[in-house]
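In what follows, a single structure is set out as structure tokens and then discussed.
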Amino acid sequence: MTAERVARAAAIARAGSFEAALESGELPRRQDLTMAEAVVLGLVRQGVTRFVAVLGHGSTELGEVLRVYQDAGVVRTFAVRHETEASHAATALRWATGEKAAVVTSIGPGALQAMAGSLVAVNDGVGVWHLYGDETTEDEGPNMQQIPRPEQGLFLRLTATMGPSYSLHTPRALPTALRRGLNQVDHPYRPGPFYLLLPLNTQPQLIEGFNLDELPVGAPPQLGAANPTASYAEIARRLLDAQRVVIKVGGGADGCREELEELADLVDGVFVMSPVSLGVIPSGHPRQMMVGGSKGSLSGNHAMEHADLLLAVGTRSVCQADSSRTGYPNVQHVVNINADLDAATHYARTSALVGDARLSLAALIEAVKAQTRETAPRESRWLAECRAARAAWEDVKAERLARPRLHDPVWGREVLTQPAAVHAVAEWAAATRAVTFFDAGDVQAYGFQMSAQDDPKASFTEAGASYMGFATSAVLATALSEEDWYAVAVTGDGSFTMNPQVLIDGVAHGATGCVVVLDNRRMAAISSLQAAQYGHEHATWDHVEVDYVAWGASVNGVNALFGGTTPEELRAALDKARAHPGLSIVHVPVYYGPDPDGGLPSYGRWNVGNWVESTQELRHEIGL
């Protein structure tokens, strides 16, 4: 069996691709092969050639298949030290470059850790394969590391709660499993992870005479323009009759810049962004009000608070993005364009357009043009009001940057504020064409609040799951990628210590990037939330000082740097990091305290803590 497997891998390598080997006859269509090998071949046919793995007794047959195919140059296996790291790295690769990868784990706890990390892909709509070992199907007794209960399919029940899943209890069901997975990870509008469970005893099971033509290929088709219940003409009339149109741009609007800009001029609308949609509309656009929501900007929240009509495009309206459903207190009607029915009908008083965003916007533009001969005045009262709010927001940011250092009692000296540090990193990354990943907490909020982003692929803010440690693991994606690019992870000290494995795995696999640790020795986002709600902080900090430069330097190959206490010193450290051919870590002490110049104001509402009663009361009063 090993010789035949080696021959199949060599045939694909010689032909240059699975498809070419099949068409040329180098790879006969009928094969006797194990289920695990058929899984790998099926993924290779779909363009999945990178496998990020933590192998164990639940994946030995799959690991052996990967060994043979890697030796032939068909696939690459990246062994890492934590399953959550594997999940995050594969997600970052697909998100940033579009390249596909699969996460491979053993049975039980490892799979649980990978599944936890897959929250990022679920929330942010990123297609990644997850291959987990699973308990044997012949039920000879409890399998070590599996859920210790005498029931069938318990892990399938867990993964199916998270998203589409399939257990290969029967090897010849593989083509169906792969088709369902393909439809999920390559979904044109709402992709996500697919969980394929591989029982220990069916992985090495021989499938005789398997027809390789059964391995599915080809992405699912896109939708056309929406066919709304109300006519496009009626919806266009609503947009033209409204006095204050706000256009909420979600991640699903990526690729719709031209249509969004044209429609905004026609209906006199202003743009408000979600954290994941930054760059879809350039930051300098005259109708751009930046991010709105619980942690949104002054201008973004002003537009949301005063609009009388909401045009939502490709957004799920998560709690922080619309201030726990209180973000539009004066909106009388919603026009919601989304490929997902539930998202399109999220609000009351909605004209839902379920279809492709770009095509639906184009149809709506034609309907608006049919009812008006001129674009809205460039300096309408609504636009002037919103632009004044945007100018005021820029003043707020400028005031913070004018005082980049504050005295911190924990550090005992002046250190950078987080807004100043984030701004310095973001400017440096833009100038050097680095891709930036912002981690959870204050780092994340300041990342999108301080943004001046014009390209949606320039930086990524994991705002869906707000998963601590995602950014650090994301740097490993540079090693998985076929492209040559540089990644910068901006992370807090708490987030970094949750997922520091990239210091080792980044060197092992040749990552090119740096991890910037903004260290205030606490979970500052939660400390400040506690202080704002209850006037006290509890269990969100400690007295333990960590020497991150020494930690980084302890790993051979890591370039460990102190980031200084001024913007100039931080930029100099980043220059040194970029000059290093591999992975760097930059430690930056930052301020935490009551001085308002140490952070940025919040202009939205959030349904948490002792704000719940008033927020929920307002939500039901608005009734949207």
Side-chain angles (χ1 to χ4, degrees), residues 34-40 42-43 48 50-70 75-91 101-121 128-149 151-163 165-169 171 174 177-178 181 185 193-205 469 473 476 480 498-499 501-502 504-505 508-509:
T34 66
M35 187 190 79
E37 186 178 358
V39 168
V40 171
L43 294 180
V48 181
R50 263 85 29 110
F51 295 80
V52 194
V54 181
L55 299 175
H57 80 273
S59 50
T60 57
E61 168 65 14
L62 183 61
E64 172 61 10
V65 174
L66 293 175
R67 180 192 70 80
V68 170
Y69 279 79
Q70 176 165 296
V75 305
R76 291 183 65 191
T77 307
F78 298 85
V80 298
R81 284 162 174 76
H82 198 280
E83 293 85 357
T84 300
E85 177 197 17
S87 184
H88 287 167
T91 299
V103 176
V104 179
T105 79
S106 186
I107 189 171
L112 279 172
Q113 292 179 155
M115 188 173 68
S118 73
L119 274 168
V120 174
V128 180
W129 282 90
H130 280 246
L131 311 181
Y132 302 162
D134 199 8
E135 62 185 328
T136 57
T137 62
E138 295 197 1
D139 203 14
E140 74 277 8
N143 285 163
M144 184 172 64
Q145 296 186 346
Q146 194 58 18
I147 299 172
R149 288 175 57 187
E151 295 183 37
Q152 285 183 309
L154 289 176
F155 217 88
L156 178 62
R157 194 184 306 173
L158 280 177
T159 57
T161 301
M162 184 76 81
S165 307
Y166 202 101
S167 176
L168 279 170
H169 186 286
L174 174 63
L178 291 177
V185 300
F194 185 80
Y195 308 94
L196 184 60
L197 307 187
L198 308 176
L200 280 74
N201 63 314
T202 62
Q203 286 184 45
Q205 189 170 325
S473 299
L476 186 60
L480 312 182
M498 288 188 177
N499 271 101
Q501 297 86 0
V502 76
I504 303 170
D505 294 330
H509 297 298

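Bear in mind the structure is a predicted one, so any value in this text is a computation, not a measurement.
No donor-acceptor pair under 3.5 Å is formed between the side chain of Thr34 and the backbone N or O of Pro204. At least one donor-acceptor pair under 3.5 Å links the side chain of Gln203 to the backbone N or O of Leu198. Looking at Thr137, its side chain never comes within 3.5 Å of a backbone N or O of His169 through a donor-acceptor pair.
Ser87 approaches Ser118 most closely through the heavy-atom pair OG-N, 3.2 Å. Across every non-hydrogen atom of Arg81 and Ile504, the tightest pair is CZ-CG2, 3.1 Å. For Glu61 against Ala36, the heavy-atom pair with the smallest separation is CG-CB, 3.5 Å. For the pair Glu85 and Gln501, the tightest heavy-atom approach, listed with the atom from each and the gap, is OE1-CB, 3.3 Å. Residues Leu62 and Val40 come closest through the heavy atom pair CD1-CG2, 3.7 Å. A pairwise comparison of heavy atoms in Asp505 and Ala79 identifies OD1-O, 4.0 Å as the closest pair.
Side-chain atoms of Thr77 and Val104, non-hydrogen and from C-beta on, never get closer than 4.5 Å to each other. Side-chain atoms of Phe51 and Trp129, non-hydrogen and from C-beta on, never get closer than 4.5 Å to each other.
Legend: residues meeting salt bridge (Lys or Arg N to Asp or Glu O under 4.0 Å) with Glu37, ordered by chain and number and at least two apart, are Arg5, Arg8.
Between the CG atom of Leu43 and the CG atom of Leu131 there is a distance of 6.0 Å, given to the nearest 0.5 Å. Separating the NE2 atom in His88 from the NE2 atom in His82 is a distance of 10.0 Å, to the nearest 0.5 Å. Interatomic distance, OH of Tyr195 versus CG of Leu156, reported as 12.5 Å (0.5 Å rounding). Put simply, CZ on Phe155 and CD on Glu135 are 10.0 Å apart, with the number rounded to the nearest 0.5 Å. We find the CD1-NE2 distance between Ile107 and His57 to be 5.0 Å, quoted to the nearest 0.5 Å. The distance from atom CG of Asn499 to atom CG of Leu476, rounded to the nearest 0.5 Å, is 11.0 Å.
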**Worked verdict on Leu168 versus Val39 for side chain to side chain contact (heavy atoms under 4.5 Å, CB included)** = CA-CA 10 Å; Leu168 279 170; Val39 168; 3.9 Å; yes

**Asked** Would Leu55 and Thr60 count as a side chain to side chain contact (heavy atoms under 4.5 Å, CB included) if you check the C-alpha gap in whole Å, the side-chain angles of each, and the deciding distance to 0.1 Å?
**Response** CA-CA 7 Å; Leu55 299 175; Thr60 57; over 6 Å; no

**Request:** Kindly indicate, with the supporting measurements, whether the criterion side chain to side chain contact (heavy atoms under 4.5 Å, CB included) is fulfilled by Val48 and Val185.
**Result:** CA-CA 11 Å; Val48 181; Val185 300; over 6 Å; no

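Checked against Glu138 for a side-chain contact (heavy atoms from CB on, under 4.5 Å), the options Thr202, Leu200, Asn201 give a single hit: Asn201. Exactly one residue among Leu196, Asp134, Thr159 makes a side-chain contact (heavy atoms from CB on, under 4.5 Å) with Ser167. That residue is Asp134.
The local environment of CD in Glu140 is crowded, with over 12 non-hydrogen atoms from other residues, nucleotides or ligands closer than 6.0 Å.
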